[in-house]
Enquirer: 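First the structure, which I've put down as structure tokens, then a few questions once you've had a look.
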Amino acid sequence: CCQSNMRKAILTKINLNAKKYPVECCKGKSDKYTNYSDKTGITKTHGQCTIEESPSPSPSRSVHSVSSMSDITHVTQMRAFEEDQQQDSASDDDEDCADKTTTWSDNYYSESNKDTNSVEGMARILAKFASERDWIQFHKPRNICLALLGELGELAECFQWRSDAMYKDGCKFETDVEKDRVQQELADCAIYLIRLATQCNVDLGKMCLLLYCEEK
């Protein structure tokens, strides 16, 4: 309906979250990303958009776009991101936690974690993300459900005051920024749903296929 590539949206959101939550800053903590804004340069109004490189108060840190992920190979994207990280590191000798952040490719595209085309593969990537930050302790089913409800509420806000007539021929966005916001909220919901399935030992991909076949 929203004409969104969910695989791309989830991977893009994971990359943004990796910048918002540096391991060395948030390990074992459940604080909001704004608590680390002085290190990451990402605030409520800066660094959130994933359409293009967003301006940031901190000259040494910025969110690099991965919006073209579906048009290029994973290898090319990983190398580009690693080069950006190396340039950032070379330009700033400050030993703060943001500059020590492990690259996205190291975190999420290791030799054993290259599958991004299945729910199972995404689940492994998200599990690694949570494990590195020592967040498993917070990922109880009740907590994830409540977080998921919160994200669903934010997604609903994107459409709250729109008339049904606006979606007569499908979901059309007035701006790229509006589409980016919806895709990010969809990704947030999907991420929590996948984490919930993992913590409940449910094979989400398999169950979706089974239900789909039953309905047909």
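Numbering of residues begins at 1 and proceeds along the displayed sequence.
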Enquirer: Between Asn17 and Lys20, is any pair of side-chain heavy atoms under 4.5 Å apart?
Expert: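 Contact flag for Asn17/Lys20 side chains = yes.
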Enquirer: Starting from Leu211 and following side-chain heavy-atom contacts under 4.5 Å between hydrophobic residues (I, L, V, M, F, W, Y), which residues can be reached?
Expert: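 Members other than Leu211 - counting any ILVMFWY side chain reachable under 4.5 Å - there are none.
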Enquirer: Who pairs with Leu210 by side-chain contact (heavy atoms from CB on, under 4.5 Å), at least two apart in sequence or on another chain?
Expert: Lys206, Met207
Enquirer: Quick one: list whatever passes side-chain contact (heavy atoms from CB on, under 4.5 Å) with Thr175, sequence neighbours left out.
Expert: Val177, Glu178
Enquirer: Enter the distance from Thr116:OG1 to Ile10:CD1 here, rounded to the nearest 0.5 Å.
Expert: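 Nearest 0.5 Å value for the OG1-CD1 distance: 10.0 Å.
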Enquirer: Could you pull out all residues at least two apart from Gln184 that satisfy side chain to side chain donor-acceptor pair (under 3.5 Å)?
Expert: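 Testing Gln184 for side chain to side chain donor-acceptor pair (under 3.5 Å), a comparison that skips the adjacent residues, returns Lys13, Asp180.
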Enquirer: Can you tell me how far apart OG (Ser37) and NZ (Lys39) are? Round to the nearest 0.5 Å.
Expert: 12.0 Å
Enquirer: Test of understanding: with side chain to side chain donor-acceptor pair (under 3.5 Å), list the residues that count as partners of Tyr33, not counting sequence neighbours.
Expert: Gln48
Enquirer: Would you name the heavy atoms of Leu148 and Cys189 that are closest together and state the gap between them?
Expert: CD1-O, 3.4 Å
Enquirer: How long is the straight-line distance from CG of Leu149 back to OH of Tyr192, given to the nearest 0.5 Å?
Expert: 11.5 Å
Enquirer: Measure the shortest side-chain to side-chain distance between His46 and Ile42 over non-hydrogen atoms and say whether it is less than 4.5 angstrom.
Expert: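 Counting from C-beta outward, His46 and Ile42 never come under 4.5 Å.
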Enquirer: Below 4.5 Å, heavy atoms only, C-beta onward: do Arg124 and Glu120 meet side chain to side chain?
Expert: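 Heavy-atom side-chain distance check passes, below 4.5 Å.
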Enquirer: Got a sec, which pairs hit salt bridge (charged side-chain N to carboxylate O under 4.0 Å, His left out) with one end in residues 134-158, sequence neighbours left out?
Expert: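 Qualifying pairs, neighbours excluded: Glu157-Arg181.
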Enquirer: Will you find, in the side chains of Asp115 and Ser118, an N or O donor that is under 3.5 Å from an N or O acceptor?
Expert: yes
Enquirer: Under a 4.5 Å side-chain heavy-atom rule over Ile, Leu, Val, Met, Phe, Trp and Tyr, are Ile194 and Leu209 clustered together?
Expert: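 Different clusters.
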Enquirer: Among all residues two or more places apart in sequence or in another chain, which pass the side chain to side chain donor-acceptor pair (under 3.5 Å) test with Thr34?
Expert: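 Thr34 satisfies side chain to side chain donor-acceptor pair (under 3.5 Å) with no residue once adjacent residues are dropped.
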Enquirer: What are the two closest non-hydrogen atoms of Ile136 and Ala127, and how far apart are they?
Expert: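 Heavy atoms of Ile136 and Ala127 come nearest at CD1-O, 4.5 Å.
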Enquirer: Which residue pairs pass the side chain to side chain donor-acceptor pair (under 3.5 Å) test when at least one of the two sits in residues 193-203, sequence neighbours left out?
Expert: His139-Arg195, Arg195-Gln199
Enquirer: Met122 versus Asn117: any side-chain heavy-atom pair under 4.5 Å?
Expert: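 Side chain of Met122 against side chain of Asn117, heavy atoms only: no contact under 4.5 Å found.
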Enquirer: What is the distance from atom CD of Gln183 to atom CG of Asn5, rounded to the nearest 0.5 Å?
Expert: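 CG of Asn5 is found 8.0 Å from CD of Gln183.
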Enquirer: State the CG-CG distance between Leu186 and Leu155, to the nearest 0.5 angstrom.
Expert: 5.0 Å
Enquirer: Kindly write out the residues that satisfy side-chain contact (heavy atoms from CB on, under 4.5 Å) with Cys26, not counting sequence neighbours, or none if the list is empty.
Expert: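 Partners of Cys26 by the side-chain contact (heavy atoms from CB on, under 4.5 Å) criterion, ordered by chain and then number, come out as Tyr21, Tyr36, Arg133, Trp135.
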Enquirer: CE of Met6 to CG of Leu11: how many Å apart, nearest 0.5 Å?
Expert: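 Taking CE in Met6 and CG in Leu11, the distance rounds to 10.0 Å.
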Enquirer: My understanding is that only residues two or more places apart in sequence, or in another chain, count here; which of them pass side-chain contact (heavy atoms from CB on, under 4.5 Å) with Cys200?
Expert: Pro141, Leu196, Val202
